[in-house]
Structure formats: C-alpha cells, structure tokens
Amino acid sequence: MSEKQHLYLVDGSAYIFRAYHRLPPLTNPQGTPVGAVYGYTTMLWKLAEDLHKADGPTHLAVILDKAGTSFRNDLYDQYKANRPPPPEDLVPQFPLIRDATRAFSLACIEEDALEADDLIASYARAATLRGWDVTIVSSDKDLMQLVGKCATGGGCIDMLDTMKNQRIDIPEVVEKFGVPPEKVGDVLALMGDSVDNVPGIRGIGPKTATKLIQEYGDLESALAAAPAMKASKLRESLIEQAEMARLSRVLVQLKEDCPLPIPIEDFALGQIPRDPLAAFLEEHGFTSLLRRLDDGKGSPGPKTQLNPAKPENMAAPAAPAGNRQSLPSWPAVDLGAYACIQSMGELQQWIARAFEARVVAIDTETSALDAMRASLVGVSLALGPNDACYIPLGHGGADMFAERPVQIDRAEALAALKPLLESDAVLKVGQNIKYDINILARHGVHVAPIDDTMVMSFCLDAGRSETGLAGHGMDELAERHLLHTTMKFKDLCGNGKKAISFAEVPLADATRYAAEDADVTWRLHRLFQPRLVDEAGMRIYQKVDRPLVRVVAMMERNGIKVDRERLSGLSTEFAAQIARLESVIFEKCGQSFTIGSPKQLGEILFDKLGYKGGKKGKTGQYSTDQSVLEGLAGQGAEVATLVLEWRQLSKLKSTYTDALQAAINPETGRVHTSYSLVGAQTGRLSSNEPNLQNIPIRTEIGRQIRDAFVAEPGNVLLAADYSQIELRLAAHMADVPALKEAFAAGEDIHARTAMEMFGTVDRDTRGRAKTINFAILYGISRWGLGGRLGVSADEAQAMIDRYFERFPGIQRYIHETLESVRECGYSQTLFGRKTWFPRIGSKNQAERQGSERAAINAPIQGTSADIIKRAMARMMPALAEAGLPRVKMLLQVHDELVFELPEGDVEKARPVIERVMATAAEPAVKLSVPLGVEIGTGLSWGAAH
DNA sequence: GAGGTCACG
DNA sequence: GACGTACGTGACCTCT
C-alpha cells in the first residue's frame, strides 16, 4: 500500500518579508544583500529534509506573487494601493528567491492576475479532492480560512509557520480569531486590513469583529442585526458602511477554482540534485550549507566522539565588513560532534586549548533551578562551532546502588578548571552567566572576566520581540539568530511530578544537551559582539550591565536574614483574623462561599445581595477589585469592608508571612532572591523567587513584615533611597525651569506643584498635585487622570493644560520623544539604553496609545535604572577603598539599596554610600538637578526607613 | 494557563 | 457616544 501523499505549498512571497525583518542584514561575496534569501534557503532545506517523515512532504511547490494587479483591483481600485514600497535592500532579493527555488529543482508557480493566496487555495483544493493532505507553509491570516478544510476524498489542510516551528490547525485558528476557519473571512471583512487596504468597517478591530461574528454567526447576520442594536457608534458604522463590509468580504474570499498551470503530480519531491544547488550556495557564500551538502546532509543521531574536534574544523567566522555583518560560515549545529570528557588527560587538553582560544563559552548543569540550593552536575565548554564538550561531575549520584558512570572527581576537575575560569586572559561567555557564577562561587571558583549573551541581547533588542516579554532566553535566541531549534530540557528530564534531575540523564543525552548550550552560546556571542558596536549598544553594556552581573550575583549570594519566629507569629495572628472575618462575611451573606473567588463574590454581592455598581468586564464577570469594593463600602455595604480586610490579610499571609518562611535557605539561614537582569523592558531589574521588591510598606499592618527582615547580631541594616528620582530626571530631561529650581532649593516638589497649579497648598491640593506629577511620568490621558482624581475628563484636561503651561518643556519632551520613537523604533535613556516599541505605529488605537505611554515613561524609568545600576557597580570598590570591607550590599528595590554592616561602621559608611549614589550619573552625564539620597538605619528593614 | 487581584517602585 | 484609560514588575488564588 502506498503511503499517503502530502503536498506542501510554500507561500514564498510572504516568507521573505518576514525573513527580511527577522534576520541580520547579510551580504553575499558580490555585496548583494541576501539575508532574506538565506533564511528562505534554509527553510527549503529543512522542508526537503523532512521528505517521507511523518507529516513531511511527498510533494512540494513554491507559490509566488507576481507584481501586477489582480481581479480584486477590478472590484476595488484601492486594493493594495496603500502598500508601502518594499525596503530597498529587499528588492534585489526577489529574483534571487526564484533562483533559490530553481536551485532546489522545485516547482515555482506564479501567474499574472492571480495572487499567491488564490493559487494556493486552488492547488490545496485540487489536492484534497484527490485525497492528499496539504500543508500550507505560511502564517498569512487570509490563508487561515482554508485550515481544516477536508474534501470528500479524505485530504485535509493545515498550515506550518516555519519561523515559530508551529503547526496551525483548527484550534490555533480559533485561538487567533475566536472563530473557526470558515468564519475567518467574516471576521476579516469586518476588521479590514490596512496593508492590503481592505476597507473593512472603520473603528472595528479584531476584538470587535470577533465579538460580532461570535454573536451573530456571520457577516450578513451581523449587518442585518445592526438596526436593532442600541444606539452606538458601532451601530452607525455597521449600517453606514455595510457595503464596504460586503465588498471586503468578497476581497478576502479566496478563489479556489483558478486554472492550475502545472499538474500537482509534477511536484513530487525526491532527492535534490546536487549541482544546481551547489552552484547557487557557492555563488552566494552559503558555505555552511554547501558543506552540509557535501557531507551527505550529515546523518543526525549519536556519534560517540571522545576526542576534541581538531582545530582545522573550527571555522573562523568572517570579520564584520563595514556596517554589514557577513554571513558566518558556520556548520550547522551537530549534536553528534560533542565530546564527553571522562578523564583528566582529556580535560587538560581542553583547558589548554581554551587558554589558546582566549574565549570560551561555559555552561553549568545542576540538580535544580535555585542557584543557592542546586548542586553541580556537570560543566560544558565551547571553543567554536560544534567544538564543544561536556564534563559530567555528578551524574547518578542520588542512588547509591545504581551504577555510577565514569566521571572525573568533581574536586579534581574544579581545581583544574579554576585557573582557566579565573584567568584575566580568557573571556568566559555564558547565557545568564550570573547563575553559573553563583554555582561555581559556592565551589570556591570566582569566574571572571565574563560576557553574558542574554544581557547582550537585552542591550540590543529590549522590547523588540513581537511576543513582548522575555525574548532573551537561549531557545528563542537560537531560533531567531541561528535558525536552530535547540533540544528542550523537558524532553530530557520530563515535566512536573515525573521530572527527573539532570543528574539522572544518561551521559550521551546529557552531553548533547549541555554541549549544545555552550556551542549556541559561543555562536550567539560572535553574532552579538559586532552588533553591539554597530548598533551603539556597547556603551550601556560595557559601562553598566556587564559590570553589574557579578555585583548582582554577589547580592544574591549574600541574601538577607529574616526572623522566622516573627513571621510565624504574624501568620498565626493573620489566620485567626481571617477565620473571624470569614464567619462574619458568611453570616452577612447568608451562606458560605469561596471568598477568594472573584466570580462567586461578584455573584453574591451584585446578584444575591443586589448591590449596585456591578460592572462586568469582557469575560462577563463582575469586577470586585479594591475600587469597586470601596465604592460599595461607601454605599454602606459593611460586607465590602470585611472582604477588603479579608483580602489584605490573605494576601499578606500567603504571599509574605507563609512564603518567606519557606524561602529560608537551610544552609545559610537567609533568604536569597534571584534578580533578573533582563526582566523589565525599561532596564530595571526584577526580583523573583521570592520577589523582595514588593515587600509591604504602605500600610501599618503590612509594614510589620518589613520588621521581620533583620540584621545579624552586632550588625544593622542601612536603607538608602533616591528621593523623587524620576521626577528629578523628568525635570532635567524635559528641561522644566520651575521644577529644576524647586529641586535645587530642596523644596517639597508636590507642594510646589500644588502652588503652581492651584495657588494654595493643603493636604488636598498637595495630594492632587502628586497624582498629576505621576500622571505626567506615565503618559497622561484626561480620562485616566479624571478617573484618579474623581473629576470629569474636561476638568482633568484643564489641569493638564495648566500643568503644561506652568511647566513648559514637558509637552515638548513628550512630543519629541514620540516623534523620535516613531522614526527610530526605540527610545533611549540618557546613558544610551534602547527600548524598542514595535507597536508604536499600530492601527489599533488602544495598542498604539499604550505604546505611546510606555515610550514616554521608558527614558525616565530607564535612566533612573541606569543610575542606580551605576551606583551598584561602583559601591563595593568605593567601600573597600574607604576601609569598609565588612559592609554587604543585600537588596535593590528600584530606587533603594539595602546594606548590612557592623554597627560600628555606620558613621563611616553613610557618607560613602551617599556620595556614590548621588554622583552615580557622573561623569557620563551632567544632571541639572541634584540627586537626593535619604539614608536610615535600624535593626530591621522596617526600622531603617 | 488565563484572568483577577494586589504587593512594590 | 464609545474603545479602554497611567508606567514598570511578580506571586497567589480560582477556575477551566
């Protein structure tokens, strides 16, 4: 029985646009830009390799858009009229896409007057009718209409996004559009498409379009229902623009009956003939692919290789040429090439070669994620592409009776590695090397000097990833920059309860995984180094973030002492109060329920007890947050007050008094947080497991928790805060004379603002002024400010106008910042840190305005982060120089540093800390406002404020 | 895993 | 007359 036929249809035109934006600008030996072509070539390669694999192609064709007009232009002359011309260094790559396709001896289809989407739809239909399966290689949303279509012949259609390595089937479409594929056309018709200039209905975006189709079933029903809707702008638009929507429906409809220029049988995929492909690869300098071609595609799978790769296998990456980065002539990652080091002799050879290479990528494997508890299981090193090894040191240790694999003695190996890892002459590169620094420091090895690819990526690309957060993890970096899919930790060690420790992983697998990490890190480092120079990320990386890695690592190891008895006393106290509140709440509500469930609480308050003010959000659930409950309490609902108290105590107990006890490290007796150096897009640190940057302080009851953070006997805690640093920076950056004067004179800034705004200072006006000052920092809107101040939007607007008038400079700063972000795509701090805002030009109003507010705030918040980071990097040397080696820096909370020091050192340390913090901007930046620092000391953190 | 809520700067 | 309404985080809880 012959296997099922599976046709892959590659949406070539769409692919190269995406590849162009995601890949570095490479050029071939002739100087022609080929970044997108390279991406396209590797994609075809990967697809061709999957021939006859499960779900792989048996037939394959590439479909391209041909320049020109299509039948859609006859329907709507504005169709695609808005489309901006392609970037100039993409233009010469279009013909090369055809060359690449021919080089693979693959069919390449393009037809006048037909768009690629229609050809794809028609081929897909023809193939499914014949019982073939079809995979459309694209992530185009229009094509998602086809997903899941199955013909009577038995063939089905899905999609493959090769960049995300993701199959798109019906569930993925439903996830994206909220409706099944057959309704996607209706959603698209309503929302329109600014790129293709499909008009849609103005004011309707993806959210509203989805909602309408979910509710009414299809476009016509939604349009028909419009007159019965309650009066709204939406209703007007639906009625007025109904014809535009109908036209859009036709424009987005795919044509499935185009004549097929080549019959599908001709797309059969076989072994790719070598010659045309080799010539093409050579011409464009794709030497790593050329090598793979000549290696007979290099059979994957384990190859036990115990000797290090020979030096001649180490391809040196090409030096950067001008502003463009040449294509690295690296071989593809080969998991079989890595060595497993099981004898001291081999280890010594690697160490000697590392000294020669002067750059070594390292990675440690451990038994757990917490660097202060995990034990060392192995170390991997990389000296070049595929030139990497793994040194197992703690495998099979848990079970005394199991056979322990052959390994070098851990102490002996570390003693041999120590001179290398501590040598000034050898750069150690890691991905999040702070972790490895801490693991090795616990074994007496102090790794230096270092580079960190994660931090480098952050300095280059903060905010740039489409997905928003994160974006600097190794798996993601390997996909994005190396087009390589890494082995996944959970594939080795499993998930959840069934997870095993890395120490239990067989050596062959452990070697592939661990050495791959070091190999990938080495390659990323080579890519990022020239980019940091070209893209001006070097300054912030070298001066701020890189020195900070080791400082933050030290702070994490220091930890802070917490008084367990005190926390447990609070837990008991809170538990009793929670229980008491619970019974009163149940009594008042006439039933018991889960108070912690907003859903149940909302239904009881608004449906059962009938309180007013229930507003349902988009999920159809009542909101019961603090402001809502406070509103109810104002109406005399005692139960709301009780729930607020209950919430506060539950929060404090579960998040702090219980959790912090559990976080005490049994070995050190202290709590060690972990700081993320890439956690916040603005350049701030973030703290996790546990988060020590959100310990309560604003309420009296919460403040007790701060008192549980204590100094060791004979020591005190010292807390040093920057006072109003963000407002000071705003005054400097926006050049606001009145604010600068006030800061120079040491005035109460909110009081000064109140005087300027309202002509009088009292508790009320000062409070309002404070709110307005923050609103400015966060990017203002009259609705937001009005809501906060409890005034109308018009009144809020009047205040904003007055603020701009009294503090000239602010408005100009906002305007100039936004202009610059729109033009460059990123904002910058005074020290040159970039934050990218890819959604600043979004068509979606809410999304765009959100980006605008973030972009106004980022330079201010980011500059503040730069300043305290500079202070941190200088602090320990300054203290040492002042003869204060026993002062420990423990915590950073954005504008505050916490130290622990012998009581007798306080008077000497105070001015040193004050000076380092107050002068941290210098000499790089000369601020026109002083930086105020407030210092307090005490036996606990609470007392130090 | 998402959504709601709330702790911090 | 309405979209969602302040910037940046992380943790815990409930519910699907």
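This one's a predicted model, so the numbers in the text were calculated from it and none came from an experiment. Letters go in sequence order (proteins before strands), and every chain restarts at 1.
For A/E852, the salt bridge (charged side-chain N to carboxylate O under 4.0 Å, His left out) test picks out A/R822, with sequence neighbours left out. Taking the salt bridge (charged side-chain N to carboxylate O under 4.0 Å, His left out) definition, one finds that A/D801 meets it with nothing, sequence neighbours left out. Among residues two or more places apart in sequence or in another chain, the side chain to side chain contact (heavy atoms under 4.5 Å, CB included) test is passed with A/A633 by A/A640, A/T641. By the side chain to side chain contact (heavy atoms under 4.5 Å, CB included) test, A/A730 is found to be paired with A/L777, A/I860, residues two or more places apart in sequence or in another chain being considered. Applying the salt bridge (charged side-chain N to carboxylate O under 4.0 Å, His left out) criterion to A/R373, with sequence neighbours excluded, gives A/D370. Scored by the side chain to side chain contact (heavy atoms under 4.5 Å, CB included) test, A/S654 finds no partners at all (sequence neighbours excluded). In terms of the salt bridge (charged side-chain N to carboxylate O under 4.0 Å, His left out) criterion, residue partners of A/K653 (sequence neighbours excluded) are, by chain and number, A/D658. Residues meeting the ring-ring contact (aromatic ring centres under 6.0 Å, His included) test with A/F458, sequence neighbours left out: A/H472.
Per the geometry, CE belonging to A/M191 stands 16 Å off C1' belonging to C/dC3, to the nearest Å. Rounded to a whole Å, the CG atom of A/N694 is 8 Å from the P atom of B/dC8. Rounded to a whole Å, the CD atom of A/Q861 is 7 Å from the P atom of C/dT9. Rounded to an integer number of Å, the gap from CG of A/N688 to P of C/dC12 is 11 Å. Look at CD1 on A/I840: it is 12 Å from P on C/dC7, rounded to the nearest Å. If you take CG of A/L649 and P of B/dT5, they are 18 Å apart, rounded to a whole angstrom. For the pair A/H894 NE2 and B/dA7 P, the interatomic distance rounds to 16 Å; values are reported in whole Å. The CD-C1' distance, from A/E726 to C/dC7, rounds to 8 Å in whole Å.
Closest to the side chain of A/P696, out of B/dT5, B/dC8, C/dC3, is B/dC8. For A/K599, taking side-chain heavy atoms from C-beta onward, the closest of the listed nucleotides C/dG1, B/dC8, C/dT16 is C/dT16. In this structure, of C/dT5, C/dG8, B/dG9, it is C/dT5 that holds the atom nearest to the side chain of A/W783. Out of B/dG9, B/dC6, C/dA6, the shortest distance to the side chain of A/L785 is found at C/dA6.
Residue-level contact check: A/Q626 touches the backbone only, with heavy atoms under 4.0 Å from sugar-phosphate atoms and none from bases. A/R782 comes within 4.0 angstrom of nothing in the nucleic acid, heavy atoms only. When heavy atoms are screened at a 4.0 angstrom cut-off, A/S687 is found touching the sugar-phosphate backbone but no base atom. A/A680 comes within 4.0 angstrom of the backbone, heavy atoms only, and of no base. Across all strands shown, A/S851 has no heavy atoms under 4.0 Å from either base or sugar-phosphate atoms. Heavy atoms of A/R853 sit under 4.0 angstrom from primed sugar atoms or phosphate atoms, though from no base atom. Backbone-only contact: A/E689 has heavy atoms under 4.0 Å from sugar-phosphate atoms and none from a base. No engagement by A/S650 is indicated, since no non-hydrogen atom pair under 4.0 Å with the nucleic acid exists. No engagement by A/G787 is indicated, since no non-hydrogen atom pair under 4.0 Å with the nucleic acid exists. The residue A/Q600 sits close only to the backbone: its heavy atoms come under 4.0 Å of sugar-phosphate atoms, none of a base. Residue A/I697 is classed as a sugar-phosphate contact, given heavy-atom separations below 4.0 Å to backbone atoms only. Among the atoms of the strands shown, none is found under 4.0 Å from any heavy atom of A/L234. Among the protein residues, A/N691 comes within range of the sugar-phosphate backbone only, with heavy atoms under 4.0 Å from sugar or phosphate atoms but none that close to a base. Residue-level contact check: A/S597 touches the backbone only, with heavy atoms under 4.0 Å from sugar-phosphate atoms and none from bases.
Applying the 4.0 Å criterion to OP1 and OP2 of B/dT5, one finds that A/T624 has a side-chain N or O inside that range. For B/dA7, neither phosphate oxygen OP1 nor OP2 lies less than 4.0 angstrom from any side-chain nitrogen or oxygen of A/R647. OP1 and OP2 of C/dT5 both lie 4.0 Å or more from every side-chain N or O belonging to A/R788. Between A/R684 and the phosphate of B/dG9, there is no side-chain N or O to OP1/OP2 separation shorter than 4.0 Å. Contact check, A/R698 against B/dA7: no side-chain N or O comes under 4.0 Å of OP1 or OP2. Between A/S686 and the phosphate of C/dG10, there is a side-chain N or O to OP1/OP2 separation shorter than 4.0 Å.
Between the C1' atoms of B/dA7 and C/dC3, the separation comes to 30 Å (whole Å). Only the P atoms considered, B/dG3 is 14 Å distant from C/dG4, to the nearest whole Å. Nucleotides B/dC6 and C/dT5 place their P atoms 16 Å apart, quoted to the nearest Å.
For DNA chain B, the residues of residues 651-662 of chain A within the heavy-atom distance limit of 4.0 Å (strictly under) are A/K651, A/Y656, sorted by number.
Under 3.5 Å, the side chains of A/T682 and A/T835 contain no donor-acceptor pair of N or O atoms.
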Practice problem: Show your reasoning for whether side-chain contact (heavy atoms from CB on, under 4.5 Å) applies to A/E645 and A/Q577. | Solution: CA-CA 9 Å; A/E645 275 179 58; A/Q577 295 188 49; 5.6 Å; no
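A salt bridge links A/E556 to A/K434: at least one charged side-chain nitrogen sits closer than 4.0 Å to a carboxylate oxygen. The pair A/R766-A/D748 counts as a salt bridge, with a side-chain nitrogen and a carboxylate oxygen less than 4.0 angstrom apart.
Between A/Y611 and A/F606, the distance separating the two ring centers is not shorter than 6.0 angstrom.
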Practice problem: Give DNA chain C the dot-bracket treatment, 5' to 3': Watson-Crick (N1-N3 with N6-O4 or O6-N4) or G-U (N1-O2, O6-N3) under 3.5 Å, [ ] crossing, | other strand. | Solution: ......|||||||||.
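Side-chain atoms of A/Q845 and base atoms of C/dC3 include a donor and an acceptor less than 3.5 Å apart.
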Grab the N/O contacts between the protein and nucleotides 1-3 of chain B below 3.5 Å, and write none if there aren't any.
none

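Summary of the strand contacts: A/T682 and A/K233 both lie near DNA chain C, and taking for each the nucleotide with the nearest heavy atom, the more 5' one is attributed to A/K233.
For the side-chain contact (heavy atoms from CB on, under 4.5 Å) with A/T657, the lone residue among A/L649, A/T572, A/L570 that qualifies is A/L570.
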Extract all donor-acceptor atom pairs below 3.5 Å that involve side chains of residues 719-728 of chain A and protein atoms in other chains or at least two apart in sequence.
unit_1: A/Y722; atom_1: OH; unit_2: A/M917; atom_2: O; d: 2.6
unit_1: A/S723; atom_1: OG; unit_2: A/R728; atom_2: NH2; d: 3.3
unit_1: A/Q724; atom_1: NE2; unit_2: A/H750; atom_2: NE2; d: 3.4
unit_1: A/E726; atom_1: OE2; unit_2: A/R684; atom_2: NH2; d: 3.4
unit_1: A/R728; atom_1: NE; unit_2: A/S723; atom_2: O; d: 2.8
unit_1: A/R728; atom_1: NH1; unit_2: A/P930; atom_2: O; d: 2.7

